[in-house]
Amino acid sequence: MSLQGKVALVTGAASGIGEQCARKLAADGAAVVIADLNLVNAQKVADDIVAGGGKALAVAMDVTNEDAVNAGIEEAVAKLGSLDVLVSNAGIQIVNPIEDYAFADWKKMLAIHLDGAFLTTKAAIKHIYAGGKGGSIIYMGSVHSHEASKLKSAYVTAKHGLLGLARVVAKEGGSRGVRANVVCPGFVRTPLVDKQIPEQAKALGISEAQVVKDVMLKETVDGEFTTIDDVANTVAFLAGFGSAALTGQSIVVSHGWFMQ
Ligand code: NAD
């Protein structure tokens, strides 16, 4: 589906899933805003998209900071003229059993995943409404929006919360053509997951190979990781979908780990 003439902002787009979402949306014709805490890497991604003939702009954004979110979105709209698609993707992972889970880490996790989703939605939706053409808001959930795993109290709580936010935004935005959905990937080999493998091995007292086979991919139908392309293609599908037939939904992309 062509996204020609659309402007899409992706948070956490300097790495991993967000980067691939931005590259795919740009390949489909959108002008993309690479919003990330890491401006150096965001600029590299934007430069690469531009070198390949796409349209891209890098903006510095800490999604937990209201002023930074508002400033980044204002800059994007001022430079690119409108906003049609938001992919709220920035995220981190901190694993620990709940009795050892630092309250500061809990708050940090909820701030990035939930405050970030709220603040970017709040700032973006008024521009999408102002454009009068409707738009698409996509939250990066996880299989952990539906399932629980040991060691992930904050992550599972936050990812479940995104389902509620998406449903409210779907209802509020419906009459103005704004759709809101959640994409829920299984494990994808990105820096976020690579960091977790030795941490989980230590916490669970098993080898790294066992973490991959017996924890991360155990419930999949084929023992395979989900890829950044699988997730980016699903995001692009939702970004370009032509009606509100698909809104308030979550789409699970996980090699059958979770079936709904
Ligand atoms: P990643 O570590 O490769 O990329 C995350 C990006 O987010 C980085 O560029 C980082 O700089 C940025 N970021 C972190 N904190 C930020 C903040 N406060 N403000 C702005 N940017 C910030 O991770 P990833 O695996 O690509 O994860 C992206 C999203 O996908 C996350 O929401 C994650 O929970 C979700 N997810 C990942 C997996 C997986 O297996 N990798 C599975 C399901 C869902």
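In what follows, every heavy atom counts, from backbone to side chain, and hydrogens, waters and symmetry copies are set aside. When a ligand or atom number is given, it counts from 1 through the structure's own listing order.
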May I ask which of [options] has a heavy atom nearer to [atom] than the others do?
atom: atom 32 (O) of ligand 1; options: D194, N89, V253; answer: N89
atom: atom 42 (C) of ligand 1; options: S254, S142, G186; answer: G186
atom: atom 10 (C) of ligand 1; options: V10, L37, D36; answer: D36

Residue part near ligand 1, for [X], under 4.0 Å between non-hydrogen atoms:
X: V193; answer: side chain
X: H113; answer: side chain
X: M61; answer: backbone

#### Entry: Heavy-atom side-chain contact between H255 and D230 under 4.5 Å
yes
[X]-ligand 1 polar pair, N/O distance under 3.5 Å:
X: N38; answer: no
X: V188; answer: yes
X: G18; answer: no
X: I17; answer: yes

### Task
Answer yes or no: does atom CD1 of I98 have more than 12 heavy-atom neighbours from other residues, nucleotides or ligands under 6.0 Å?
no
### Message
Could you check whether atom NZ of K133 has more than 12 heavy atoms from other residues, nucleotides or ligands sitting under 6.0 Å from it?
### Response
yes
### Task
Using a strict cut-off of 4.0 Å, indicate which atoms of ligand 1 neighbour a heavy atom of G16.
3 (O), 26 (O)
### Query
Would Y139 and T121 count as having a side-chain donor-acceptor pair, cut-off 3.5 Å?
yes
### Summary
Between K159 and the options H113, H144, H146, the side-chain hydrogen bond (donor to acceptor under 3.5 Å, both in side chains) test singles out H113
### Query
Could you go step by step and tell me if Q196 and V211 meet the side chain to side chain contact (heavy atoms under 4.5 Å, CB included) rule?
CA-CA 9 Å; Q196 245 182 94; V211 170; over 6 Å; no
